[in-house]
Amino acid sequence: MRYDLVIFDNDGVLVDSEPISNTILAAYLTELGHPTSYEESIRDYMGSAMHRIHELVQERSGRRLPDDFDDTFYERVFAAFERELEPVPGAVQVLEKLAADGVPYCVASSGSHERIRVGHRKTGLDRWFDEGRVFSSQDVGRGKPAPDLFLHAAERMGVLPEKCVVVEDSPLGVQAANSAGMDVYGFTAMTPAAKLAGATQLFADMGELADLLV
């Protein structure tokens, strides 16, 4: 293995949550008077921390989202997760291979700690991620595309940035990894390859990742 730490994004990389959460986000923003299609939600908000959604909506409309926006959004998303969420095909096999080979790994997500945990419990991925392997944008001042979250994860895991590789599926995440001085593998299952052009390498099948990292 050429890397000392594999840092996974969560949504869309480990759990197949992006279609669920962006469908709900688009509908909720539209309900609040900010017409948004599913495609626009993917384009504008995929990979974002919640604060970025607030900032973009206010910048575009001049209006703030309600104070209870986050709570209501998460309530709807978590209910949908309980009904529908599945792991990304191939994710379990990758984690099994890394664990068997003794390769350190963690997750660093724009989502909240609660969102990560709810998704991992539903999909059974919680067995692979103890508290010491879970990092959220809540832990740092700025979410992606700032490098802070990935740098924080590397520091907590005791690995230099240049010895880390990030697995990402969003342009914001690729930008953050590049800014952190880390290699980044862009997962193109949901995102057009052209939008992840800054990645060190692109791949479309999560089941191939372990072999690609060697």
Side-chain angles (χ1 to χ4, degrees), residues 7-88 106-126 129-153 156 168-176 190-191:
I7 304 176
F8 290 96
D9 176 42
N10 189 56
D11 294 293
V13 170
L14 294 174
V15 295
D16 195 16
S17 54
E18 292 292 8
I20 298 171
S21 58
N22 281 283
T23 296
I24 291 170
L25 178 59
Y28 188 24
L29 289 174
T30 300
E31 176 186 319
L32 292 172
H34 306 282
T36 306
S37 68
Y38 170 77
E39 292 76 16
E40 290 168 338
S41 183
I42 291 285
R43 181 194 69 199
D44 294 342
Y45 304 120
M46 183 172 162
S48 297
M50 290 300 290
H51 70 80
R52 187 170 185 273
I53 299 173
H54 286 262
E55 291 164 1
L56 280 179
V57 168
Q58 184 166 5
E59 178 183 312
R60 292 171 174 177
S61 70
R63 292 184 289 132
R64 296 182 59 182
L65 291 170
D67 290 341
D68 64 351
F69 178 86
D70 292 13
D71 290 340
T72 302
F73 173 67
Y74 280 131
E75 180 180 332
R76 296 179 184 186
V77 167
F78 294 165
F81 280 4
E82 291 297 334
R83 295 190 304 269
E84 307 171 40
L85 190 63
E86 299 288 343
V88 167
C106 65
V107 60
S109 172
S110 293
S112 66
H113 277 282
E114 184 182 13
R115 175 174 173 146
I116 298 167
R117 284 301 178 201
V118 167
H120 284 191
R121 283 195 300 270
K122 172 59 172 64
T123 58
L125 294 184
D126 53 343
F129 292 95
D130 57 41
E131 289 297 329
R133 296 180 190 266
V134 178
F135 305 99
S136 161
S137 61
Q138 290 179 311
D139 302 331
V140 294
R142 300 179 298 167
K144 305 168 191 177
D148 305 34
L149 176 56
F150 292 143
L151 292 172
H152 171 70
R156 291 290 300 274
E168 264 287 355
D169 70 333
S170 76
L172 292 176
V174 169
Q175 185 179 340
M190 272 196 64
T191 308

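Residue numbers run from 1 in the order of the sequence given. All heavy atoms count here, side chains included; hydrogens, waters and symmetry mates do not.
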Quick one: do Phe8 and Val88 satisfy side chain to side chain contact (heavy atoms under 4.5 Å, CB included)? Show the steps, please. CA-CA 12 Å; Phe8 290 96; Val88 167; over 6 Å; no
For [X] and [Y], which heavy atoms make the closest approach, and how far apart are they?
X: Pro87; Y: Thr123; value: N-CG2, 3.5 Å
X: Arg63; Y: Leu32; value: NH1-O, 3.8 Å
X: Ser109; Y: Leu149; value: O-CD2, 3.4 Å
X: Ala146; Y: Ala176; value: O-CB, 3.4 Å
X: Gly33; Y: Pro35; value: O-CD, 3.4 Å
X: Ala153; Y: Phe135; value: CB-CD1, 3.6 Å

Test item: [X] and [Y] side chains (from C-beta on) under 4.5 Å apart, heavy atoms:
X: Lys144; Y: Asp9; value: yes
X: His152; Y: Asp148; value: no
X: Leu14; Y: His120; value: yes
X: Ile7; Y: Glu168; value: no

Between Arg52 and Ser110: side-chain donor-acceptor atoms closer than 3.5 Å: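 Result is no, nothing qualifies.
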By side-chain contact (heavy atoms from CB on, under 4.5 Å), which residues pair with [X], not counting sequence neighbours?
X: Gln138; result: Ser112, His113, Ser136
X: Thr30; result: Thr36
X: Pro145; result: Leu172, Gln175

So Val15 and Asn10, side chain to side chain contact (heavy atoms under 4.5 Å, CB included) or not? Walk me through it. CA-CA 6 Å; Val15 295; Asn10 189 56; 3.7 Å; yes
Mark yes when over 12 heavy atoms from residues, nucleotides or ligands other than Glu55 sit less than 6.0 Å from its CD; otherwise mark no. yes
Tell me if the CG atom of Asp130 is crowded by more than 12 foreign heavy atoms within 6.0 Å. yes
Rounded to the nearest 0.5 Å, how far apart are [atom1] of [X] and [atom2] of [Y]?
X: Met50; Y: Leu65; atom1: CE; atom2: CG; result: 8.0 Å
X: Ser21; Y: Leu85; atom1: OG; atom2: CG; result: 9.5 Å
X: Asn22; Y: Leu29; atom1: CG; atom2: CG; result: 10.0 Å
X: Glu18; Y: Tyr38; atom1: CD; atom2: OH; result: 8.0 Å
X: Asp11; Y: Arg115; atom1: CG; atom2: CZ; result: 4.0 Å
X: Glu131; Y: Asp126; atom1: CD; atom2: CG; result: 10.5 Å

Hey, is Asp139 close enough to Arg156 for a salt bridge, meaning N to O under 4.0 Å? no
Yes or no on side chain to side chain contact (heavy atoms under 4.5 Å, CB included) for Arg117 and Val134, after CA distance, side-chain angles and deciding distance? CA-CA 9 Å; Arg117 284 301 178 201; Val134 178; 3.2 Å; yes
Which residue pairs satisfy the salt bridge (Lys or Arg N to Asp or Glu O under 4.0 Å) criterion with at least one member in residues 28-51, sequence neighbours excluded?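 Non-adjacent pairs meeting salt bridge (Lys or Arg N to Asp or Glu O under 4.0 Å): Glu31-Arg76, Asp44-Arg60.
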I'd like to check the salt bridge (Lys or Arg N to Asp or Glu O under 4.0 Å) partners of Asp16; sequence neighbours left out, ordered by chain and number.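 None.
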Pairs flagged by ring-ring contact (aromatic ring centres under 6.0 Å, His included) wherever residues 62-81 is involved - sequence neighbours left out: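 Every ring-ring contact (aromatic ring centres under 6.0 Å, His included) pair that includes a residue of residues 62-81, provided the two are not neighbours, is Tyr28-Phe69, His54-Phe69, Tyr74-Phe78.
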